[in-house]
Amino acid sequence: MTKKIRVRFAPSPTGGLHLGGVRTVLFNYLFAKQNGGDFILRIEDTDQTRFVEGAEAYIFNTLQWCGIVPDESPLHGGPFAPYRQSERKANYRQFAEQLVIDGFAYYAFDTPADLEAMRTEYKTAENPSPQYNHILRDKMRNSITLTPDETATLLAAGTPYVIRIKMPLNETVTFHDMIRGEVNFNTSQLDDKVLLKADGMPTYHLAVVVDDYQMKITHAFRGEEWLPSAPVHLLLWKYLGWKNDMPEWAHLPLILKPDGNGKLSKRDGDRLGFPVFASDWIDPKTNETTIGFKERGFLPEAFVNLLAMLGWNDGTDQEIFSMEELIAKFSIDRVHKGGAKFDYEKAKWYNHEWIKRKPSKELELSIQKYFAEAGITVTDDVLLAKAIDLVKDRCTLLPDFVTQASFFFQLPEQIDIAAVKPKWDEKKNMFFNELIRAFELSAVWEATDLETEFKEMAAAHQLKPGELMLPLRIMLVGGKFGPGVFDIAATIGRTETVSRIKKVLGLIELN
RNA sequence: GGCCGGUUCGUCUAUCGGUUAGGACAGCCCCCUUUCACGGGGCAAAGACGGGUUCGAUUCCCGUACCGGCUACCA
């Protein structure tokens, strides 16, 4: 019997969830669901100095928006609760101490000042960042340099200490990464990472290993920035005697800034004018809000889709995938090794595609919100549905519906008189006055009939329809944009059409 | 500096030794549209470099260059 697939996403609740984070969740989720496995959300809040109020709730809301529901989490519970590392604190110490007993780790009593002094003292041009490693540990205050009695005394006296892993000398740590293949490290190059902090909390290194073991995680996907610490984790799995239960690893490529190089950061979004966080993040300290894809007007389907395509494809030319399709087609061995630069233009294209594909009915609710924000009240659902159908092809972001369709619900805010005035004459004036009468009397009110009527009347007046269409458009929508004029007239109705024509006729007279 | 990873059009990418190196976004041109878009058609645009292996390398191996990640009692 094969083990049930269990994956986890383990964010730190320190702020907004950025693109890279959400993509990591997504790949975890896709892999789990494809294999009928479980997706666990675990909160890594071991650094109490970085804890940010509200960040955890934000993570839940954001995942929910994306359509990702954890099978187990602090919120949903589960057989391996608690799912917050701070609540599992008492659990970690025993393992760190066992490692000391087994000779794989040791107590270190160096103060932050001691460490800083060491780093300055041993800093050279060739070695700008000295490590607490197999060489330097002999010069520090720890249970290796101290006698057992001295160590015991310090411990008994309650001296603050950390537990560090004792990196073996010149061993090769090899592991298989599902994306990168075989990766090797020489332990002599590695430093003695802290496992248990002075406050009793584990560091990430200890916590992931212990939690992944206890939560029976089978596959561990995380960002490429973790690759350098993978050997520490590997050694821990081995030293703790759990090697046979170790998950398979996959280090995902990074999402890079669009210009230049380097990891995409929140700053890049601010600088270049696009969101980096999935949804709005309001910093509780400064009250500053950082815009998210959601609020910018992205559909969750598009967001998930574009994220999936950053570093993965199914080998065909298909680019539009629903979550269901992704679950069916995703494969970890088609994930790239190299990082991908984020392209906001392409991101918008995905959204446009999803807006076009999505039934108007399903768009109504979110579009309503943007109208409300713009101070436009939409009471007529039927009108809204028609308007959405008419303009969706020309909307890339949800707020575009406001600029593209507000004239369906209210008088145009601006009327581009300048576009008609120069070519305006009495003949046109007469035409439109007659058009008003004809429209008031016409038996039916359908776009095609209105167009026919309009064109016949133009012919009768010996005017080219082309000269009259633009004025009519300006009268109805206020500017040179929008769907077909007769569709608009048909949609807003007889009364409204006639009244708008009259109004603009009056304005032209005045000018 | 050290360690690890990466490298196909401007960008995201296809290619699992033999292709006119394909698609998409962006750009440019044309058509459609008596508005703006959508849409359709077209143009331009790539294997970092140097060695091998091979009848044949974008593809496999090595080196170089460049880019990135890590180098905290942060994750």
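Predicted model, so just to flag it, every value in this text is computed and none were measured.
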Practice task
Under 4.0 Å between any heavy atoms, over every strand shown, what does A:Tyr350 touch: base, sugar-phosphate, or nothing? Just pick one.
Solution key: nothing

Exercise for the section: Ignoring backbone atoms, establish whether A:Thr14 has a side-chain N or O less than 4.0 Å from OP1 or OP2 of B:rC74. Expected result: no

Handout entry: Nearest-Å distance once atom C1' is located in both B:rG69 and B:rC30
Key = 47 Å

Practice task
Indicate, with a heavy-atom threshold strictly under 4.0 Å, whether A:Lys263 touches base, sugar-phosphate, or nothing.
Solution key: sugar-phosphate

Handout entry: Distance, P atom - from B:rA45 to B:rG10, rounded to whole angstrom
Key = 10 Å

Problem - Listed nucleotide nearest any side-chain atom of A:Thr203, set B:rC70, B:rU35, B:rC73 - result: B:rC73

Practice task
Determine the contact category for A:Gly482: base if any of its heavy atoms lies under 4.0 Å from a base atom, sugar-phosphate if only primed atoms, P, OP1 or OP2 are that close, otherwise nothing.
Solution key: base

Practice task
Examine the side chains of A:Asp192 and A:Tyr106 and answer whether a donor and an acceptor come within less than 3.5 Å of each other.
Solution key: yes

Exercise for the section: Using only side-chain N and O atoms of A:Lys197, determine if any of them is under 4.0 Å from OP1 or OP2 of B:rA72. Expected result: no

Problem - Over-ring placement of A:Arg42 relative to A:Phe9, 6.0 Å and 45° cut-offs - result: no

Problem - Side chain of A:Arg334 - closest among B:rC73, B:rC25, B:rA14 - result: B:rA14

Practice task
Could you pick out which residue, A:His205 or A:Glu467, lies toward the 5' side of RNA chain B when each is mapped onto its nearest nucleotide?
Solution key: A:Glu467

Exercise for the section: Could you give the distance separating B:rU15 and B:rG68 at their C1' atoms, to the nearest angstrom? Expected result: 25 Å

Handout entry: Selection from B:rA75, B:rG68, B:rC73 that lies nearest to any side-chain heavy atom of A:Ala198
Key = B:rC73

Exercise for the section: Have a look at A:Pro253 and say if it touches a base, only the backbone sugar-phosphate, or nothing, with a 4.0 Å heavy-atom cut-off. Expected result: nothing

Handout entry: Carboxylate-amine/guanidinium contact A:Asp259 A:Lys257, below 4.0 Å
Key = no

Handout entry: N-glycosidic conformation, B:rC60 - syn within 90 degrees of 0, else anti
Key = anti

Exercise for the section: Would you check if the distance from the ring center of A:Phe221 to the ring center of A:Phe27 is below 6.0 Å? Expected result: no

Practice task
Using a 4.0 Å heavy-atom cut-off across all strands, classify A:Ser129 as base, sugar-phosphate, or nothing.
Solution key: base

Practice task
Quote, to the nearest angstrom, the C1' distance that separates B:rC70 from B:rG63.
Solution key: 24 Å

Practice task
Answer with base, sugar-phosphate or nothing: what part of the nucleic acid does A:Pro11 contact at a heavy-atom distance below 4.0 Å?
Solution key: nothing

Exercise for the section: Sort out the partner of B:rC66 for me: Watson-Crick or G-U wobble, both distances under 3.5 Å, none otherwise. Expected result: B:rG6

Exercise for the section: Mind checking A:Asp110 for me? I need base, sugar-phosphate or nothing, with any heavy atom below 4.0 Å counting as a touch. Expected result: base

Exercise for the section: Please check the phosphate of B:rA14 (OP1 and OP2 only) for any side-chain N or O of A:Asn313 closer than 4.0 Å. Expected result: yes

Completion exercise
The nucleotide from B:rC12, B:rC25, B:rA75 with an atom nearest the side chain of A:Ala340 is B:rC12

Practice task
Determine the interatomic distance between C1' on B:rA44 and the same-named atom on B:rG22; round to the nearest Å.
Solution key: 16 Å

Practice task
Assess the pair A:Phe454 and A:Phe486: is the distance between their ring centroids shorter than 6.0 Å?
Solution key: yes

Practice task
Remember a base hit wins even if backbone is also touched, and classify A:Val183 as base, sugar-phosphate or nothing at under 4.0 Å, heavy atoms.
Solution key: sugar-phosphate

Problem - Phosphate OP1/OP2 of B:rC36: any A:Arg473 side-chain N/O under 4.0 Å - result: no

Problem - Span that lies between the P atom of B:rC12 and that of B:rA46, in whole angstrom - result: 16 Å

Practice task
Among the candidates B:rC4, B:rG68, B:rC25, find the nucleotide nearest to the side-chain atoms of A:Lys346.
Solution key: B:rC25

Practice task
Check every strand shown and say whether A:Leu115 touches a base, only sugar-phosphate, or nothing at a heavy-atom separation below 4.0 Å.
Solution key: base

Practice task
Name the nucleic acid region contacted by A:Gly484, choosing base, sugar-phosphate or nothing; use a 4.0 angstrom heavy-atom cut-off, strictly under.
Solution key: base

Handout entry: Ring centroid separation A:His233 to A:Tyr204 under 6.0 Å
Key = yes

Problem - Electrostatic pair A:Asp211:A:Arg88 at N-O distance under 4.0 angstrom - result: yes

Exercise for the section: Establish, from distance only, whether the side-chain atoms of A:Gln214 and A:Asn91 form a donor-acceptor pair under 3.5 Å. Expected result: yes

Practice task
Quick one: label A:Thr46 by what it contacts on the DNA or RNA (base, sugar-phosphate, nothing), any heavy atom closer than 4.0 Å.
Solution key: sugar-phosphate

Problem - Pairwise C1' distance for B:rU58 and B:rU8, with rounding to whole Å - result: 7 Å

Exercise for the section: Please measure how far the P atom in B:rG40 lies from the corresponding atom in B:rA24, and state the result in whole Å. Expected result: 10 Å

Practice task
Taking only the side-chain nitrogens and oxygens of A:Lys356, find out if one of them lies under 4.0 Å from OP1 or OP2 of B:rG39.
Solution key: yes

Practice task
Report yes if a side-chain nitrogen or oxygen of A:His336 is closer than 4.0 Å to either non-bridging phosphate oxygen (OP1 or OP2) of B:rU13; otherwise report no.
Solution key: yes

Handout entry: B:rC73 phosphate, OP1 or OP2, under 4.0 Å from A:Arg119 side-chain N/O
Key = yes

Exercise for the section: Choose from B:rA75, B:rA72, B:rU13 the nucleotide whose nearest atom is closest to any side-chain atom of A:Glu225. Expected result: B:rA75

